[in-house]
> 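Here it is, the structure, as structure tokens.
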Amino acid sequence: MPSVAFHNWSTTRAASLDEIESAHRAVGGTEPGRRHATQQINQAYALLLSSQFQAYCRDLHSECIDRMFRVVTPGGYRTLLADEFKLHRKLDRGNPNPSNLGADFNRLGLDFWVEVLGADARNPQRRRLLEELNEWRNAIAHHDFGAPMLRTGRPTLHLAQVQNWRRACDGLAHSFDGVMRNYIHRASGSLPW
């Protein structure tokens with residue numbers, strides 16, 4: 001059974017991402033204008049993917065806090081402790097990059113990336129793809145593209161690359177869910193989901 005955060009990632013958030021991919025397919029024609037229109041959609045898709053993944057990670061973090069403290073803390077202190085673990089949470093303001101994810105989840109008492117990288121042999125590559133997604137997200141949001149992102153003087157992002165990032169986020173989300181489920185079970189003695 002997955003966490004509520006993972007269920008939402010796999011359903012509601014996936015549907016939102018599917019919509020923008022459908023918009024990409026709906027832009028027809030083979031003229032040069034199509035390339036520029038689809039380029040804008042690809043960039044919008046990358047931004048949406050990053051934001052949806054950030055929301056998933058933040059939701060999972062909150063759910064983990066709730067599950068951990070529900071078992072081990074009396075009611076009145078539960079909220080106080082939960083608020084403390086959410087205080088200055090990097091996922092509330094920063095990108096869902098490996099550094100911010102590690103900083104937030106490590107506060108719960110585990111070495112997050114060691115656990116995640118050990119959970120699936122594909123996760124080191126997925127982590128690199130997540131870093132790449134965040135580099136593009138920042139370049140798009142701040143209109144500050146590095147030389148490798150430019151082709152013929154314009155930023156060029158292909159749908160296949162965004163789809164690759166999405167698959168990486170899917171794999172990481174699945175691993176995050178399992179790692180945190182197992183960690184909370186070990187720490188509290190109770191299965192959180």
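All figures in this text were calculated on a predicted structure; none of them were measured in a lab. Throughout, residue positions are numbered sequentially from 1 according to the sequence presented.
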> Within the side chain of Tyr45, is there an N or O that forms a donor-acceptor pair under 3.5 Å with the backbone of Leu159?
no
> Using a 4.5 Å cut-off on heavy atoms from C-beta on, say whether the side chain of Arg181 contacts that of Leu191.
yes
> Is there a donor-acceptor pair under 3.5 Å between the side chain of Ser62 and the backbone N or O of Arg58?
yes
> May I ask you to check whether His185 and Tyr183 place their ring centres under 6.0 Å from each other?
no
> Checking Leu108 against Met180 for the side chain to side chain contact (heavy atoms under 4.5 Å, CB included) test, could you report, in this order, the C-alpha distance in whole Å, the side-chain angles of both residues, the deciding distance, and whether it holds?
CA-CA 10 Å; Leu108 299 177; Met180 295 312 298; 3.8 Å; yes
> Between Ser51 and Leu48 (side chain of the first, backbone of the second, donor and acceptor by atom type, cut-off under 3.5 Å), is there such a pair?
yes
> Taking all non-hydrogen atoms of both residues into account, name the closest pair between Arg167 and Ala160 and its distance.
NH2-O, 4.5 Å
> Drop me the distance from Gln163's CD to Leu49's CG, to the nearest 0.5 angstrom.
11.0 Å
> Quick one: pull up CZ in Phe112 and CG in Asp104 and give me the separation to the nearest 0.5 Å.
9.5 Å
> Nearest heavy-atom pair of Ser175 and Val116: which atoms, and what distance?
CB-CG1, 4.4 Å
> What are the two closest non-hydrogen atoms of Gly94 and Gln54, and how far apart are they?
O-NE2, 2.8 Å
> Please give me the minimum heavy-atom distance between Asn134 and Ser50, naming the atom from each residue.
OD1-OG, 3.9 Å
> Tell me whether Asn100 contacts the main-chain N or O of Leu91 through its side chain, where contact means a donor paired with an acceptor under 3.5 Å.
no
> Whether the Arg13 and Ser16 side chains hold a donor-acceptor pair (N or O, under 3.5 Å, no angle test) is what I'd like checked.
no
> For the atom pair CD1 (Ile65) and CZ (Phe105), what is the distance rounded to the nearest 0.5 Å?
8.5 Å
> Arg128 vs Gln125, test: side chain to side chain donor-acceptor pair (under 3.5 Å). Steps then yes/no.
CA-CA 5 Å; Arg128 283 189 288 282; Gln125 175 62 15; 3.1 Å; yes
> Test side chain to side chain contact (heavy atoms under 4.5 Å, CB included) on Glu135 and Met149 and set out the steps.
CA-CA 10 Å; Glu135 288 171 12; Met149 298 173 176; 4.2 Å; yes
> Kindly state whether the ring of Trp9 and the ring of Phe53 have centres lying under 6.0 angstrom apart.
yes
> Taking all non-hydrogen atoms of both residues, which atom of Trp165 and which atom of Ala46 are closest, and how far apart?
CZ3-CB, 3.9 Å
> When you measure from the side chain of Asp120 to the backbone N and O of Arg122, does any donor-acceptor pair fall under 3.5 Å?
yes
> Decide if atom NE2 of His143 counts as having more than 12 heavy atoms of other residues, nucleotides or ligands within a radius under 6.0 Å.
no
> Quick check with a 6.0 Å cut-off and a 45 degree axis cone: is Arg67 positioned over the face of Trp193's six-membered ring?
no
> Does a salt bridge link Arg126 with Asp170, judged by any charged N lying under 4.0 Å from a carboxylate O?
no
> What do the steps show when you test His158 against Asn42 for side chain to side chain donor-acceptor pair (under 3.5 Å), and what is the final call?
CA-CA 6 Å; His158 297 285; Asn42 293 343; 5.6 Å; no
> Would you give the length of the straight line joining atom CG of Leu47 to atom CD of Gln52, rounded to the nearest 0.5 angstrom?
12.0 Å
> Closer than 3.5 angstrom, by distance alone: can the side chain of Gln43 be matched with the main-chain N or O of Ile140 as a donor-acceptor pair?
no
> Rounded to the nearest 0.5 Å, how far does CD of Gln161 lie from CG of Leu129?
6.5 Å
> One thing to verify: whether Arg89 and Asp92 come together as a salt bridge, which I'm taking to mean a side-chain N less than 4.0 angstrom from a carboxylate O.
yes
> Measuring from atom CE of Met68 to atom CD1 of Ile184, what distance do you get when rounded to the nearest 0.5 angstrom?
6.0 Å
> Taking all non-hydrogen atoms of both residues, which atom of Pro155 and which atom of Trp136 are closest, and how far apart?
CB-CZ3, 4.4 Å
> Show your working on side chain to side chain contact (heavy atoms under 4.5 Å, CB included) between Glu21 and Val162 and close with a plain yes or no.
CA-CA 10 Å; Glu21 202 162 315; Val162 183; over 6 Å; no
> For Asn8 and Asp59, what are the C-alpha separation, side-chain angles and deciding distance, and is it a side chain to side chain donor-acceptor pair (under 3.5 Å)?
CA-CA 9 Å; Asn8 290 341; Asp59 290 350; 5.0 Å; no
> Output yes when a side-chain donor or acceptor of Asp177 lies under 3.5 Å from a complementary backbone atom of Pro2, and no otherwise.
no
> Does one hydrophobic cluster hold both Leu150 and Leu133, with members joined at side-chain heavy-atom distances below 4.5 Å?
yes
> Does Leu157 offer a backbone N or O that forms a donor-acceptor pair with the side chain of Gln39 under 3.5 Å?
yes
> Inspect the surroundings of CZ in Arg186 and state if more than 12 heavy atoms from other residues, nucleotides or ligands are less than 6.0 Å away.
yes
> For Phe176 and His174, run ring pair (Phe, Tyr, Trp, His ring centres under 6.0 Å): C-alpha distance rounded to whole Å, both residues' side-chain angles, the deciding distance at 0.1 Å, then the answer.
CA-CA 6 Å; Phe176 293 178; His174 183 266; over 10 Å; no
> Under the side chain to side chain contact (heavy atoms under 4.5 Å, CB included) test against Asn123, which residue among Val179, Leu117, Leu130 passes?
Leu117
> Output yes when a side-chain donor or acceptor of Arg166 lies under 3.5 Å from a complementary backbone atom of Ala14, and no otherwise.
yes
> Can you find a pair of side-chain heavy atoms, one from Asp144 and one from Asn138, that are under 4.5 Å apart?
no
